[in-house]
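I have placed the structure first, in the form of structure tokens, so that the comments after it can refer back to it.
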Number of protein chains: 2
Amino acid sequence: MTGWGAGSALPGLTSENLALLDRLSSMDVPKGTVLFRPGETVKGFVIVLSGRVEVFLTGPTGRDILLYSVEPGQSCVQSTLGLLGGEDYSGEASTATEARVVLVPRDMFLRLIDNDPGFRGFVFEAFAQRLQSMMHLLERVAFQRIECRLAQALLARAEEDCVNATHAELAALIGSAREVVSRRLDALARRGIVELERGTVRILDTETLRHLGEDAD
Amino acid sequence: MTGWGAGSALPGLTSENLALLDRLSSMDVPKGTVLFRPGETVKGFVIVLSGRVEVFLTGPTGRDILLYSVEPGQSCVQSTLGLLGGEDYSGEASTATEARVVLVPRDMFLRLIDNDPGFRGFVFEAFAQRLQSMMHLLERVAFQRIECRLAQALLARAEEDCVNATHAELAALIGSAREVVSRRLDALARRGIVELERGTVRILDTETLRHLGEDAD
DNA sequence: GCCCTGTCGGTGACTTGGTCACGCAGGGTT
DNA sequence: AACCCTGCGTGACCAAGTCACCGACAGGGC
């Protein structure tokens with residue numbers, strides 16, 4: 001019994017199943033750990049309890065793109081894919097912060113799916129959300145200009161008008177190349193919208209940035 | 001009772017639920033009909049019995065990209081999304097051929113999900129497959145060259161070394177612009193790999209085309 | 001036959017974005 | 001101090017998307 005409080009993350013489970021989940025041991029993982037790589041077979045259903053896990057796709061040229069990030073209480077859909085369809089991972093997941101995760105073994109996962117409506121709902125909804133967000137991502141990648149995506153990423157990542165990320169990290173967030181991000185940021189800085197420092201971007205004009213982040217259809 | 005043979009499309013259902021599904025009336029839809037548009041709310045769970053339904057995303061510049069196509073026996077995941085997560089459609093679905101579809105009403109869908117393991121499995125697997133294929137699509141769009149994607153599309157669409165599609169259609173298949181496809185095809189024709197006619201592309205050198213369709217990592 | 005109209009495809013000029021190959025600056029380590 | 005690693009800036013080049021055209025063809029109506 002690890003007492004990680006499955007109740008808060010998984011509302012609606014029957015108490016006996018909750019107890020079952022509670023008995024699983026959670027793992028603490030340091031920041032930057034790779035949880036799985038493309039081609040690996042799936043060991044179980046992963047739920048993130050705290051911290052953040054990011055799933056990236058890597059292109060042949062070494063360029064990365066963030067598929068989605070898994071926040072506390074969410075599951076990593078990639079693992080579900082493998083459990084249900086027998087497919088292997090195709091993205092690479094690593095911890096963006098130190099994190100605490102639980103791994104639900106395959107047979108237990110399948111049993112829960114079959115006899116617990118609450119758990120089922122949890123999995124289904126996670127699925128639906130991911131699929132939806134993947135479609136939005138695809139839409140952005142296929143149709144939106146870099147400037148637009150960059151503005152969105154900056155706003156999303158900002159803490160008190162400050163973004164702590166290298167240009168390379170920002171590039172991965174929006175699925176572009178480091179050089180391109182550098183040039184765009186430079187352009188934004190020239191216009192007085194942001195201020196650049198090694199490792200951080202300070203947002204000076206949130207309003208204009210928000211405007212740039214909107215679709216120009 | 002429409003007798004559309006749910007059994008073949010949905011193996012593993014209990015006989016009573018099969019009968020329930022069989023009692024739904026199917027619809028015949030002519031080629032080119034738009035089944036749903038972005039922003040519409042979801043009326044039910046859609047299953048395609050015959051023909052092909054294609055789901056596109058449209059960019060602000062009018063450019064289209066094929067998200068996936070729904071073959072007989074498959075369901076349209078977009079409709080599932082709406083039923084489970086309450087989200088609206090974000091793609092546009094239309095029939096690529098004349099087609100026969102069934103619409104499972106929302107409440108019946110939810111009941112089936114809850115009490116029929118076979119139906120549940122069907123939905124889950126469809127979900128998993130779509131998500132997987134969306135990730136592959138994203139990978140192609142984000143990282144692969146046009147020539148590569150075009151070669152794949154041509155091979156996938158070929159019937160006896162002949163592809164009956166306009167340049168605009170091919171462009172939508174691979175998420176590019178018509179002009180770009182025209183130029184690429186022209187380049188392929190110059191190299192003697194294909195032969196162009198109004199409305200069709202004839203493949204002369206399948207081997208080279210297959211080679212072009214492989215990733216160049 | 002002829003014309004009209006809509007679809008299909010070709011083309012040039014331009015812009016945006018990705019790739020490659022650098023080089024330089026700051027902050028640690030030894 | 002010499003070193004190295006990481007983050008960032010830059011120029012050149014290429015691939016791809018956009019815009020504005022134009023001609024070529026097919027089908028229908030007269």
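Here the structure is a predicted model, which is why all the values come from computation and not from measurement. Proteins come first, then strands; the chains are lettered A, B, ... in the order of their sequence lines, and each starts at number 1.
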Checklist outcome for this item: In whole angstroms, the gap separating C1' of dG17(C) from CG of L150(A) amounts to 13 Å

Checklist entry - R198(A) side chain: which of dA25(C), dG10(C), dG18(C) is closest? => result dA25(C)

Checklist entry - Say you draw a straight line from CZ of R63(A) to OG1 of T58(A); how long is it, rounded to the nearest 0.5 Å? => result 11.0 Å

Item to check | OP1 or OP2 of dG10(C) under 4.0 Å from side-chain N/O of H167(B) | outcome: yes

Item to check | Along DNA chain D, first and last positions that approach a heavy atom of chain A under 4.0 Å | outcome: dT6(D) to dA12(D)

Checklist entry - Does a donor on one side chain sit under 3.5 Å from an acceptor on the other, for R100(A) and S26(A)? => result yes

Checklist entry - 5'-most contact on DNA chain D: T166(A) or Q144(B), nearest heavy atom basis? => result T166(A)

Checklist entry - Over how many whole Å does the gap from R145(B) atom CZ to dG18(C) atom P extend? => result 13 Å

Next on the checklist: If you assign E179(A) and I146(A) each to the DNA chain C nucleotide with the nearest heavy atom, which residue ends up on the more 5' nucleotide?
Outcome noted: I146(A)

Checklist entry - dC20(C), dT11(C), dG6(C): which one has an atom nearest the side-chain heavy atoms of D186(B)? => result dT11(C)

Checklist entry - Can you check the R178(A) CZ to dG17(C) P distance for me, whole Å? => result 17 Å

Checklist entry - Whole Å only: how far is the CZ atom of R183(A) from the C1' atom of dT15(C)? => result 14 Å

Item to check | Distance, rounded to the nearest Å, where R63(B) contributes CZ and dT16(C) contributes P | outcome: 15 Å

Item to check | Check: L212(B) and I193(B) side chains under 4.5 Å, non-hydrogen atoms | outcome: yes

Item to check | Between dG18(C) (C1') and I65(A) (CD1): distance, integer Å | outcome: 13 Å

Checklist entry - Is the shortest side-chain N/O distance from T61(A) to OP1 or OP2 of dT19(C) below 4.0 Å? => result yes

Item to check | Within-4.5 Å side-chain heavy-atom neighbours: V163(A) and V194(A) | outcome: no

Item to check | Atom pair distance, as rounded to whole Å: CZ in R190(B) and P in dG9(C) | outcome: 16 Å

Item to check | Side chains of R149(A) and L173(A) in contact at under 4.5 Å (non-hydrogen atoms) | outcome: no

Checklist entry - Which class fits the ring pair F124(A) and F127(B): parallel under 30°, tilted 30 to 60°, perpendicular over 60°? => result tilted

Item to check | Within-4.5 Å side-chain heavy-atom neighbours: V123(A) and F45(A) | outcome: yes

